[in-house]
Amino acid sequence: SPLRDRMRLVPMTPHVQEWYGMADLLVCASDVESLPRSVVEAMAWELPVLATDVYGLPEVVREGETGWLCPPRNVEALAAGLERALSSSAEERLRMGRAGRALVERRHSLSEYARRIEELVGEVARSGAGARSHVGEG
């Protein structure tokens, strides 16, 4: 394949940041995955993502918007996805990378997590006030 020279498989490493800066895309070929941190990190680095269509991945990897999806446990579909992704233009990958970063900033930033936790704690505090008076009764 003419794309073979453009691909490099990297073994698991604790130092992934340098790879995000050099990569054209991230591939997540998991068959069971909630929402891997590596996908969110890659998107924060403005990398488009090719991922399997499982569990939480389609929530962030949106076909043609922030990356590409393929069915899990299907080598031919993964190969076709790689072909699509690596055949895309640099402009298309840049557009998808920027859209992914915007999505991560909107939904997965620390400030958004803190805001959401504060909201949930407030809901629990408001609803729990009446429930506490019944604890231990019975």
Side-chain angles (χ1 to χ4, degrees):
S1 165
L3 298 175
R4 182 174 303 217
D5 295 336
R6 291 188 54 201
M7 290 189 265
R8 181 167 180 185
L9 296 176
V10 179
M12 280 193 358
T13 176
H15 308 290
V16 295
Q17 290 79 10
E18 61 193 51
W19 293 102
Y20 290 142
M22 294 185 279
D24 291 316
L25 73 137
L26 177 96
V27 178
C28 179
S30 300
D31 58 346
V32 175
E33 199 68 80
S34 56
L35 182 58
R37 183 176 64 188
S38 60
V39 168
V40 175
E41 287 175 350
M43 293 172 81
W45 278 79
E46 295 189 2
L47 285 177
V49 175
L50 168 63
T52 48
D53 189 6
V54 295
Y55 303 99
L57 285 167
E59 292 178 26
V60 293
V61 181
R62 297 177 179 163
E63 181 68 37
E65 183 183 332
T66 61
W68 302 268
L69 292 168
C70 64
R73 298 182 181 189
N74 185 325
V75 173
E76 292 80 18
L78 181 62
L82 278 167
E83 183 75 34
R84 276 191 342 247
L86 294 175
S87 297
S88 65
S89 68
E91 293 79 21
E92 183 178 9
R93 289 190 308 274
L94 181 62
R95 177 187 56 77
M96 287 181 172
R98 287 181 176 160
R101 169 134 185 157
L103 184 139
V104 166
E105 287 178 346
R106 200 171 51 250
R107 293 184 47 197
H108 297 281
S109 67
L110 289 177
S111 60
E112 179 57 22
Y113 282 143
R115 186 198 66 74
R116 184 69 182 126
I117 288 171
E118 179 182 32
E119 186 178 283
L120 290 170
V121 168
E123 287 175 19
V124 168
R126 286 187 296 279
S127 67
R132 274 192 304 243
S133 63
H134 301 292
V135 173
E137 294 179 12

Study note, to complete from the structure: When rounded to the nearest 0.5 Å, the distance separating CG of Asp24 from CG of Leu50 is 13.0 Å
Point to revise | Distance in Å, Leu103 CG paired with Glu59 CD, rounded so as to fall on 0.5 Å steps | key: 10.0 Å
Practice item. Report the residues that fulfil side chain to side chain donor-acceptor pair (under 3.5 Å) with Ser111, sequence neighbours left out, ordered by chain and then residue number. Key: Ser109
**Study point:** Test side chain to side chain donor-acceptor pair (under 3.5 Å) applied to Glu63 - qualifying residues, sequence neighbours left out
**Key:** Arg84
side-chain contact (heavy atoms from CB on, under 4.5 Å) with [X]: which residues, sequence neighbours excluded?
{"X": "Glu123", "answer": "Arg116, Glu119, Leu120, Arg126"}
{"X": "Pro72", "answer": "Asp31, Thr52, Val54"}
{"X": "Val40", "answer": "Leu35, Val104, His108"}

Check your understanding: Got more than 12 heavy atoms from elsewhere within 6.0 Å of CD, Gln17?
Key -> yes
Exercise for review: Inspect the surroundings of CZ in Arg115 and state if more than 12 heavy atoms from other residues, nucleotides or ligands are less than 6.0 Å away.
Suggested key: yes
Under 4.5 Å between side-chain heavy atoms, hopping through other hydrophobics if needed: is there a path connecting [X] to [Y]?
{"X": "Leu69", "Y": "Leu47", "result": "yes"}
{"X": "Val75", "Y": "Val27", "result": "no"}
{"X": "Leu25", "Y": "Val39", "result": "no"}
{"X": "Leu57", "Y": "Tyr20", "result": "yes"}
{"X": "Tyr55", "Y": "Leu78", "result": "no"}

Practice item. For residues Thr13 and Trp19, determine if any side-chain heavy atom of one lies less than 4.5 Å from a side-chain heavy atom of the other. Key: yes
**Study point:** Any donor-acceptor pair under 3.5 Å from Arg101 side chain to Met43 backbone
**Key:** no
Distance-only criterion, 3.5 Å: show the donor-acceptor pairs between side-chain atoms of residues 91-100 and protein atoms not counting sequence neighbours.
residue	atom	partner	partner atom	Å
Arg93	NH1	Ser88	O	2.5
Arg93	NH1	Ser88	OG	3.4
Arg95	NH1	Gly64	O	3.3
Arg95	NH2	Gly64	O	3.3

Review point. Ala42 and Val49: which non-hydrogen atoms are nearest, and at how many Å?
Key: CB-CG2, 4.5 Å
